[in-house]
Amino acid sequence: MSELSDLYQQVILDHNKKPRNFHKLEGANRHADGYNPLCGDQLSVYLQMEDDVVKDVSFEGTGCAISKAAASMMTQSVKGKTRGEAETLFHEFHRMVTGELDEEATPNGLGRLKIFAGVRDYPARVKCASLSWHTLHAALHGEEIATTES
Amino acid sequence: MAAVTEQTLVDVENIVEAALVDAPVNISSVGVWDVERVRRDFPVLSQTVNGKPLVYLDSAASAQVPQVVIDRGSKYLGEEHSNVHRGVHYLSQRATSAYEGSRERVRRFINAREAAECVFVRGCTEGINLVMHGYGRKFIVEGDEIIISAMEHHSNIVPWQMLCEEKGARLRVIPMNDQGELQLDEFEKLLNERTKLVGVIHISNALGTINPVKEIVATAHKHGVPVLVDGAQGAPHLNIDVQDLDCDFYILSGHKLFAPTGSGVVYGKRELLDRMNPFIGGGSMIRSVTFEKTTYAGLPDKFEAGTPAIASQIGLGAAIDYLNGMDRAAALRHEQELLEYATARLNEIEGVTIIGTAGEKASVISFTVQDIHPHDIGTILDAEGIAIRAGHHCAQPVMQRFQIPATARASFAFYNTREEADKLVSAIRRVIEVFK
C-alpha cells in the first residue's frame with residue numbers, strides 16, 4: 001500500500017478546504033444528483049451546455065475530502081470541453097482509479113487529475129473519487145440520478 | 001425425503017440433551033478480567049495490518065470469532081456434515097443433534113420457555129423480515145399503525161415501510177432527545193387503538209444507547225400491543241432474559257455475538273408464532289404437500305424452509321458456550337470501563353464531538369472530528385492498523401436527527417484494551433494534523 005500522503009496530497013486537501021465551482025449554477029440546463037448509497041454521500045452536478053460544449057459547470061453536496069476534491073477538480077477539467085472530450089476524461093479517470101489505466105505509460109488527457117492515481121490503492125475509496133464523474137456522465141446523458149452502485 | 005415424525009423428534013431431543021455441555025451459568029461475583037488471556041482466544045487479533053498490530057474497534061459491525069467456534073465449525077464440516085432433519089443415517093443424526101443442540105443453547109442463553117420458540121434465521125435483517133411477513137402481512141390492515149423508534153437500524157425501518165405501503169398502514173416514530181435517549185412520554189402518546197406493533201432497538205448501533213425495553217414492553221402491553229426487540233447489539237453487551245423482558249419477539253444476529261455470519265435467531269412467543277403465516281415456502285416447513293393443499297409443520301420448522309446455515313448455527317451454539325464459560329459479569333464490566341475511559345480520552349481532543357451521550361450506554365462510541373469526513377478518518381486510522389466504522393451505520397434517520405452526514409464509530413468488545421483506546425486517540429490527533 002502506498003503512503004497516506006500519496007492519497008492526501010496538499011492539492012487534494014486544498015480543494016477539500018476550498019472547493020472550486022462549489023455552488024448551484026444559475027442558467028444550468030443539465031443537472032444530475034449522485035449518490036453513494038454505501039456512505040450516504042450525495043452531490044449535484046450542474047451543467048450549462050451550449051451546443052456540444054460545457055460552457056459552465058458546478059457542483060454542491062456533502063462528501064469526504066477525496067470526493068469533494070475530485071468533484072472540484074472535475075469541474076475545472078471539463079469546463080470548456082466538448083461533450084465527447086468530457087466523456088473521454090471520465091473514462092480515463094475511471095480507468096485510472098480502478099487500476100486499469102497506467103497514467104504514466106499510456107497517453108491520456110488526465111493532466112493534473114493524475115494526483116488521484118493513489119486512490120487505486122484504497123479500494124474502499126475509489127467510489128469517493130469517481131462519484132462526481134459518474135454524476136457528470138449522467139448529466140451529460142440527460143439522466144437525473146447517478147449512483148456508484150451499477 | 002422422509003417426513004420427520006413426532007417419534008424421531010423426541011429421539012433427537014434426547015440426543016441433544018446428552019450432547020449439551022453443562023457450562024457454568026453467569027457467575028454473579030465479578031472477578032478480575034484478564035484481557036490478554038482472552039485475546040489469545042481470538043486468532044484474528046494477533047495479526048498486523050499495514051505493519052501495525054491490528055486494533056479492532058468494529059465489533060458492533062461484526063464481532064470476532066474465538067478459536068473454539070472455529071474449531072466447532074471445522075469439526076462439523078470435517079466429521080458431521082450432512083443435511084439436518086432429513087436422513088435416517090448416522091451423519092444426518094449427528095448434524096441434526098448438533099444443530100438442535102445449538103437451538104437449546106440459544107434457549108438457555110435468552111431464557112426462552114421452549115427451544116421451539118427459537119427460530120433460526122440468517123441474521124437480524126432476515127429475522128425482522130420474517131416477522132413482517134409472518135405477522136405483519138397477516139394481521140396489519142389499512143389504517144393500522146406501527147410504532148418504531150427514531151434510532152432504528154434500517155433493518156427495523158424498511159420492512160415496516162414496505163408493509164405500510166402495501167397495506168395502507170402508518171409508521172409512527174418515537175422521538176429522541178439530544179443525548180440520544182428515547183422520549184418515553186411521547187411514546188405513550190403514540191399508542192392508540194390502531195397500534196398493532198411496536199419495534200424497538202435494544203442497543204443503538206449508531207449511538208450506543210441502551211433503551212429501557214422492559215419498560216417499553218410493559219407500556220405497549222397495557223394497550224395490548226406486541227413488541228419486537230432488535231437485539232443485534234443487545235445480546236453482545238447485556239444478559240438477555242426474554243421472559244423477564246416479556247417482549248413478544250427478540251431478534252439475534254450471530255455474527256455480532258462472536259459466531260459466524262449466516263447465523264441468527266427469531267425468538268417469538270409460541271402463541272404468536274403459531275398464529276403467524278410462514279415466511280419462506282419450501283422443504284422442511286411442511287407437514288404434507290399435495291397439489292391441492294399444503295399443511296405446515298409446527299414450530300420452529302414452519303419458519304425454516306430449505307437447508308439452513310447448519311455450520312453457522314452450530315457455531316452460534318459454540319459461541320454461546322464460550323460466553324457461558326467466561327465470567328460474563330467481569331467481561332461486561334470491562335466493556336463499561338473501556339467505554340468510560342475512551343469517552344474521557346476522546347473528550348480531551350479539541351474538535352471531537354461524541355454523538356450519543358445517553359445515561360445508559362454500551363461500549364459503542366460515535367463521534368465526529370471537526371468537519372473532517374468520517375471516511376477520511378477511517379482511511380487514516382486504517383493506515384495505523386485501527387479498524388473503525390465510518391458512515392451512517394445503516395441509520396440515516398439518526399444522522400438526520402443530529403444533522404450530520406455520517407460519524408466515525410469505535411465499538412469495544414471484551415477483548416479490547418485501554419492501550420487500544422490510547423492508540424485510537426493518538427491516531428485521531430494525527431487525522432487532525434493531516435487536515436490542519
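Being a predicted model, the structure only gives us computed values, none of them experimental. Residue numbering restarts at 1 for every chain, and letters A, B, ... go by the order of the sequence lines.
With a 4.5 angstrom heavy-atom cutoff, Arg430(B) touches chain A only via side-chain atoms. For a residue to count as touching a neighbouring chain, one of its non-hydrogen atoms must lie under 4.5 Å from one of that chain's; by this rule Lys68(A) does not touch chain B. If you measure heavy-atom distances from Ile66(A) to chain B, the contacts under 4.5 Å come from both the backbone and the side chain.
Using modelled atom types, one finds a donor on one side chain and an acceptor on the other under 3.5 Å when comparing Glu87(A) with His137(A). Checking Thr407(B) against Ser366(B) by side-chain atom types alone, a donor-acceptor pair falls below 3.5 Å. Side-chain contact, Asn156(B) with His154(B): no donor N or O sits under 3.5 Å from an acceptor N or O.
Among Val434(B), Thr379(B), Asp371(B), the residue making the largest number of heavy-atom pairs under 4.5 Å with chain A is Thr379(B).
Classified by interplanar angle (parallel below 30°, tilted 30° to 60°, perpendicular above 60°), the ring pair His375(B)/His373(B) is perpendicular.
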